[in-house]
*Asks:* 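A single structure is presented below for examination.
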Amino acid sequence: MLVSTSNDPFENKTSLDGTCGVCGSHNCLIHNFYDVLFNSKEARNNPILKCQKGQQFIIEGAPVNGLYFIKSGTVKVIRTGINGREQIVRFAKACEIVGHRGFGTQEYYSIGAIALQDTELYYFAKEKLQNYLLENPKFAYSMMLFYANELNRSENKVKSISQMTVRERVIDSLLYINRKFGDLRGFLNLPLSRREYADYAGTTEEQVIRVFSILKKEGLISAKGKKIGITDVQLLKNEISEHNYFLDT
DNA sequence: CCATTAAATTCAA
DNA sequence: TTGAATTTAATGG
């Protein structure tokens, strides 16, 4: 992992409607609390970590010293399962936090994180962030909302893995990627291998490949290699509506 | 799960 | 930019 001495100017782009210019969200923590996070001299001199595609920057079981904000790029957060297979917990993109679960009292990371593309990270040491939280109630409150959302999401994921069929879980994964990364010229804007879909959906690569070909025959999706296109989002949503599709992260 | 073939991606000239 | 080498997808046992 490369550590650059940041000649990279820290910008704080804001769109006309007040949302974050990088991620487009109005709850973006980096954007909304930019002054809190980057006002001190040390914070501004804090290097940006650059890691390239495929690099792991959080190792499961390593001691927790802080957490990361993604400046650019995308990341998968994984946990190693019983048989050594990796379970993808979530995907994260620019402006999101990674490594927050170990933040409070936990000593070791329970997850690993791997860059899916070249990725730039802001790193915040535990103590520093603790001070920000203690000094700034609004920041603390926003962080709390973020944690609450994450908890909700992970509880829903437990349900989806334990109660949905393979087909439903694959569809759910496709909708999740679509919701989170959108599409570009008709294809999901994040290229993932079938293996990665499987690791997220809690199934095997073969099952994903088979569900994909069935969905393709049914005209619900199109696929060109890693580029997957959703023909009709509503039709896919209908399939899993009885299992409550309502996550918005 | 594994083996085979087809397809896609990467890489270096 | 091409095509050979490597990786990934798809299918059937």
Side-chain angles (χ1 to χ4, degrees), chain A residues 1-4 48-60 70-94 96 98 111-121 157-158 160-240 243 245:
Chain A
M1 188 176 345
L2 286 174
V3 177
S4 83
I48 295 168
L49 276 49
K50 299 190 175 185
C51 59
Q52 50 188 210
K53 184 177 176 177
Q55 272 206 300
Q56 181 157 9
F57 59 93
I58 299 178
I59 315 276
E60 272 176 287
I70 301 173
K71 178 172 189 285
S72 68
T74 43
V75 151
K76 65 177 171 181
V77 178
I78 62 149
R79 181 184 293 252
T80 305
I82 26 178
N83 40 16
R85 285 225 21 241
E86 86 179 24
Q87 165 70 226
I88 295 180
V89 175
R90 60 190 256 263
F91 294 92
K93 62 179 176 187
E96 291 190 48
V98 183
I111 49 92
I114 299 170
L116 291 173
Q117 317 161 351
D118 293 356
T119 294
E120 297 175 301
L121 303 160
K157 185 144 174 61
V158 170
S160 78
I161 286 197
S162 59
Q163 300 185 342
M164 292 165 81
T165 65
V166 170
R167 177 181 166 112
E168 288 167 334
R169 287 185 316 228
V170 170
I171 290 175
D172 185 59
S173 307
L174 287 168
L175 289 170
Y176 166 68
I177 299 299
N178 177 56
R179 190 159 73 238
K180 183 148 189 168
F181 296 94
D183 73 20
L184 183 65
R185 282 180 255 106
F187 293 108
L188 294 180
N189 197 10
L190 179 70
L192 292 174
S193 68
R194 319 276 136 137
R195 176 53 174 274
E196 284 165 327
Y197 278 104
D199 291 343
Y200 183 76
T203 180
T204 63
E205 186 177 357
E206 286 96 330
Q207 298 257 56
V208 169
I209 288 169
R210 286 183 169 116
V211 172
F212 276 10
S213 9
I214 291 167
L215 293 176
K216 229 178 342 182
K217 275 182 198 144
E218 293 173 350
L220 293 170
I221 66 168
S222 58
K224 276 185 189 161
K226 286 189 172 183
K227 284 175 292 189
I228 311 295
I230 296 181
T231 314
D232 187 336
V233 173
Q234 194 52 48
L235 280 176
L236 286 183
K237 280 186 185 177
N238 291 345
E239 287 221 24
I240 58 171
H243 296 291
Y245 162 94

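Just so it is clear: chains get the letters A, B, ... in the order the sequence lines come, proteins before strands, and each one is counted from 1.
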*Asks:* Closer than 4.0 Å, any side-chain N/O of A:Ser213 to the OP1 or OP2 of C:dT11?
*Replies:*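 Checking A:Ser213 against C:dT11: at least one side-chain N or O falls below 4.0 Å of OP1 or OP2.
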
*Asks:* What integer distance in Å separates A:Ile228:CD1 from C:dT8:P?
*Replies:*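 That distance rounds to 15 Å.
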
*Asks:* Using the six-membered ring wherever Trp is involved, compare the ring planes of A:Tyr200 and A:Phe91 and label them parallel, tilted or perpendicular (cut-offs 30° and 60°).
*Replies:*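 A:Tyr200 and A:Phe91: tilted rings.
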
*Asks:* Over all strands shown, is A:Lys227 touching base, sugar-phosphate only, or nothing at heavy-atom distances under 4.0 angstrom?
*Replies:*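 It contacts nothing in the nucleic acid.
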
*Asks:* Over how many whole Å does the gap from A:Gln207 atom CD to C:dA10 atom P extend?
*Replies:*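 Taking atom P of C:dA10 as the reference, CD of A:Gln207 is at 14 Å.
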
*Asks:* Of all the nucleotides listed (B:dT9, B:dC1, C:dA10), which has the minimum atom distance to the side chain of A:Glu206?
*Replies:*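 Of all the options, the side chain of A:Glu206 is nearest to B:dC1.
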
*Asks:* Whole Å only: how far is the CD1 atom of A:Ile209 from the C1' atom of B:dT5?
*Replies:*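 It works out to 13 Å between those atoms.
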
*Asks:* Starting at the 5' end of DNA chain B and moving along, which residue's nearest nucleotide shows up first, A:Thr204 or A:Lys53?
*Replies:*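 Comparing both residues, the 5'-ward one is A:Thr204.
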
*Asks:* Below 4.0 angstrom, N of the basic side chain to O of the carboxylate: do A:Arg85 and A:Asp199 qualify?
*Replies:*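 Salt bridge present between A:Arg85 and A:Asp199.
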
*Asks:* Hey, is the side chain of A:Lys224 poking within less than 4.0 Å of OP1 or OP2 on C:dA9, counting only N and O atoms?
*Replies:*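 Checking A:Lys224 against C:dA9: no side-chain N or O falls below 4.0 Å of OP1 or OP2.
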
*Asks:* Which nucleotide sits closest to the side chain of A:Arg210: C:dT11, B:dT10, C:dT8?
*Replies:*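 For A:Arg210, the side-chain atoms sit closest to C:dT11.
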
*Asks:* Can you confirm if the NZ or CZ of A:Lys226 lies within 45° of the ring axis of A:Phe187 and under 6.0 Å from the centre of its six-membered ring?
*Replies:*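 Cation-pi check for A:Lys226 and A:Phe187: fails.
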
*Asks:* Which atom pair, heavy atoms only, marks the closest approach of A:Ile111 to A:Glu60?
*Replies:*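 It is C-CG, 3.4 Å.
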
*Asks:* Can you say whether a donor on the side chain of A:Glu205 sits under 3.5 Å from an acceptor on the base of B:dC1, or the other way round?
*Replies:*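 Not at all, since no donor on one side and acceptor on the other fall under 3.5 Å apart.
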
*Asks:* In this structure, how many angstroms lie between the P atom of B:dT10 and the NZ atom of A:Lys226, rounded?
*Replies:*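 It works out to 7 Å between those atoms.
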
*Asks:* Check the distance between B:dC1's C1' and A:Asn83's CG and give it to me in whole angstrom.
*Replies:*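 It works out to 13 Å between those atoms.
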
*Asks:* Once you round it to whole Å, what is the distance between C1' of C:dT8 and CZ of A:Phe212?
*Replies:*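 Between C1' of C:dT8 and CZ of A:Phe212: 13 Å.
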
*Asks:* What is the distance from CD of A:Gln117 to P of B:dT10, rounded to the nearest Å?
*Replies:*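 Rounded to the whole Å, the gap is 12 Å.
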
*Asks:* Tell me, do A:Val170 and A:Gln207 make a side-chain contact under 4.5 Å, heavy atoms counted?
*Replies:*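 SC-SC contact between A:Val170 and A:Gln207 ruled out.
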
